[in-house]
Novice: 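Pasting a structure below so you can have a look.
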Amino acid sequence: MKILVINCGSSSLKFQLIDSETEQWLAKGLCERIGIDGSQIVYQKAGGDKETTVSPMPDHTEAIRLVLEALTNEKTGAIKELSEIDAVGHRVVHGGEKFASSTLITPEVIEAIKECNDLAPLHNPANLIGIDACQKLMPGVPMVAVFDTAFHQTMPPEAYMYGLPYSYYEKYKIRRYGFHGTSHSYVSKKLAEDLGKKPEDLKVIVCHLGNGASVSAVKYGKCVDTSMGLTPLQGLIMGTRSGDIDPAIIEFIAHKENKNIDEVMTILNKKSGVYGLSGDLSSDFRDLEDAYNKGDEKAKIAVKTFCYNVAKYIGAYTAAMNGVDAIAFTAGVGENAAFVRKLICEYLGFLGITIDDAANNTRGDDTVISTKDSKVTVMFIPTNEELAIARETLALI
Ligand code: AMP
């Protein structure tokens, strides 16, 4: 079967056409600047080069129309006709408490996703526009919603409740939800498979370290805690997000800098994290590593604070699960930044973890980076959210 995976942002749209038998992508790409001047589509067929076409995209329907046109293009298309697409899998950011798993999209499901819009005002409306546009252009093709939050719905109340008046949970559903669920689910299962074990037999910590970053504790195949919260702002220090801070800092900055709540929230989301800590040097760990090695003090503080923070979460989640068998690093930083993995693991000697430097200093497919006598197995595992969405979609149709 051929499954189209759509990940719709407010002004961008990522897509991948996946052959479910081989689990290989047939074509993939990205529409950028939807609704803004200078929109373009980047398209690549498997085995071919990337092509960039500048074309006006006033809305997501036009973007999806261009994606479908590229996929069926006579010369560079991956399919001849749209009827070859058997199903569409949509990434949906927030499923609230309504969705603990992926679901076939029906009019009732669309209404239920709309009810979660308050919880993700930037993301969910964009996801819904993508679903609507696909339904218009591909009527009758089954569509599935795969939620970023669903994998974390197995958390117990003591992990997801905040120390706030209970009425806020009742009235507004304020609680921890967690994100990157598709990645945490995929990587925790892949880790078990790599170790020749069943997920039900393992206590695993997954560190999804990308521009956005989160950690999850997966006990016997189920998520029992995760670092992101009601929104993706909580938890680890990230590329540009602050992660955990004293909530009173918001009021403090607002007074000192004469800013309103929205302006302070923009600082916490866009100007903080390792970017802010490094003195606005960069949110990219390649730049930070260069600066760190040249002795840049702020870059050192940014990297060390980030790594210390991840290590503290690993310690906390080891307590939450009463032990840990394996730790996996994934996403842009987790998969590529050997020095970050090394600095994090230096804090974990108390768990009997030792790292094999030669293995750690490699890149590529799933790799064990701990030594044979390490008490906990540590790996890096490339995440593949699109494939995970395609698998979920296939399972539901
Ligand atoms: P993601 O959000 O998963 O796409 O991750 C993007 C981030 O991964 C970038 O901002 C970089 O910080 C990091 N990254 C990507 N490639 C490398 C690399 N080769 N070395 C270190 N960090 C990397």
Side-chain angles (χ1 to χ4, degrees), residues 7-10 90-132 144-185 206 208 212-219 222-236 238 241-251 261-262 264-266 268-269 313 316-317 320 385 389 392:
N7 181 355
C8 226
S10 53
H90 292 270
R91 175 186 179 217
V92 179
V93 168
H94 220 306
E97 286 187 326
K98 292 179 199 296
F99 297 104
S101 58
S102 306
T103 182
L104 259 180
I105 298 176
T106 61
E108 294 75 37
V109 166
I110 289 179
E111 282 313 305
I113 296 174
K114 273 187 197 156
E115 284 168 26
C116 300
N117 279 2
D118 264 3
L119 295 168
L122 294 180
H123 293 98
N124 270 27
N127 301 151
L128 283 165
I129 292 171
I131 292 170
D132 184 55
V144 168
V146 180
F147 300 92
D148 262 22
T149 48
F151 182 62
H152 306 301
Q153 277 295 305
T154 46
M155 284 189 289
E158 59 269 32
Y160 69 68
M161 289 303 290
Y162 291 119
L164 291 169
Y166 196 83
S167 57
Y168 293 157
Y169 171 61
E170 291 175 314
K171 278 198 279 188
Y172 310 121
K173 294 284 171 226
I174 294 179
R175 49 159 284 181
R176 181 191 300 278
Y177 290 96
F179 297 86
H180 295 139
T182 316
S183 177
H184 286 286
S185 166
V206 179
H208 177 112
S214 64
V215 190
S216 67
V218 186
K219 189 178 185 183
K222 293 202 159 68
C223 177
V224 294
D225 209 342
T226 192
S227 58
M228 281 179 167
L230 173 77
T231 74
L233 184 56
Q234 197 189 349
L236 298 179
M238 309 182 207
R241 293 189 198 125
S242 66
D244 302 330
I245 57 164
D246 176 348
I249 292 172
I250 295 171
E251 184 203 29
I261 292 269
D262 289 348
V264 179
M265 293 316 289
T266 302
L268 298 188
N269 274 301
Y313 266 98
Y317 288 173
E385 288 168 283
I389 292 173
E392 293 274 312

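By convention here, the first residue in the shown sequence is residue 1. These numbers come from a predicted model, not from an experiment.
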Novice: Taking the side chain as C-beta and beyond, is there a heavy-atom pair between R241 and M228 under 4.5 Å?
Specialist: yes

Novice: Would you mind reporting whether L268 and I245 have side-chain heavy atoms less than 4.5 Å apart?
Specialist: yes

Novice: Between atom CD of E392 and atom OG of S185, what is the distance when rounded to the nearest 0.5 Å?
Specialist: 6.5 Å

Novice: Are S242 and L233 close enough that some pair of their side-chain heavy atoms sits under 4.5 Å apart?
Specialist: yes

Novice: State the SG-CD1 distance between C8 and I131, to the nearest 0.5 angstrom.
Specialist: 9.0 Å

Novice: Could you pull out all residues at least two apart from R91 that satisfy side-chain hydrogen bond (donor to acceptor under 3.5 Å, both in side chains)?
Specialist: N7, D148

Novice: Is the H94 to Y177 ring centre distance short of 6.0 Å?
Specialist: yes

Novice: Does any non-hydrogen side-chain atom of T154 lie less than 4.5 Å from one of V224?
Specialist: no

Novice: Does the side chain to side chain donor-acceptor pair (under 3.5 Å) test come out yes or no for S214 and H208, once each step is laid out?
Specialist: CA-CA 5 Å; S214 64; H208 177 112; 5.6 Å; no

Novice: Evaluate V215 against V206 for side chain to side chain contact (heavy atoms under 4.5 Å, CB included), listing each step before the verdict.
Specialist: CA-CA 6 Å; V215 190; V206 179; over 6 Å; no

Novice: With a 4.5 Å cut-off on side-chain heavy atoms, are V93 and T149 touching?
Specialist: no

Novice: Supply the atom-to-atom distance S10 OG to H123 NE2, rounded to the nearest 0.5 angstrom.
Specialist: 7.0 Å

Novice: Specify the closest pair of heavy atoms between C223 and H152, including all atoms of both residues, with the distance to one decimal.
Specialist: SG-ND1, 3.2 Å

Novice: Classify the ring geometry between Y313 and Y317 as parallel (under 30°), tilted (30 to 60°) or perpendicular (over 60°).
Specialist: perpendicular

Novice: Of all the heavy-atom pairs spanning M238 and P232, show the shortest one and how long it is.
Specialist: CE-O, 3.1 Å

Novice: Can you tell me how far apart OH (Y169) and CZ (R175) are? Round to the nearest 0.5 Å.
Specialist: 5.5 Å

Novice: Tell me, yes or no, whether the heavy-atom count around D118 atom CG, taken from other residues, nucleotides or ligands under 6.0 Å, exceeds 12.
Specialist: no

Novice: Are N117 and L128 close enough that some pair of their side-chain heavy atoms sits under 4.5 Å apart?
Specialist: yes

Novice: Looking only at heavy atoms, which two atoms of I113 and F147 are closest? And how far apart?
Specialist: CG1-CE2, 4.0 Å

Novice: Answer yes or no: is there a side-chain heavy-atom contact under 4.5 Å between V92 and F99?
Specialist: no

Novice: Of all the heavy-atom pairs spanning G178 and T226, show the shortest one and how long it is.
Specialist: CA-CG2, 3.5 Å

Novice: Between CD of E170 and OH of Y166, what distance do you get to the nearest 0.5 Å?
Specialist: 5.5 Å

Novice: What are the two closest heavy atoms between L230 and F179, and how far apart are they?
Specialist: O-CZ, 3.6 Å

Novice: Answer whether the closest heavy-atom distance between the side chains of E115 and K173 falls below 4.5 Å.
Specialist: no

Novice: Consider side-chain contact (heavy atoms from CB on, under 4.5 Å). Of V146, I105, V144, which one does H90 pass it with?
Specialist: I105

Novice: Mark yes when over 12 heavy atoms from residues, nucleotides or ligands other than E97 sit less than 6.0 Å from its CD; otherwise mark no.
Specialist: yes

Novice: Specify the closest pair of heavy atoms between N124 and C116, including all atoms of both residues, with the distance to one decimal.
Specialist: ND2-CB, 3.6 Å

Novice: Would you say Y172 has more than 12 foreign heavy atoms packed within less than 6.0 Å of its OH?
Specialist: no

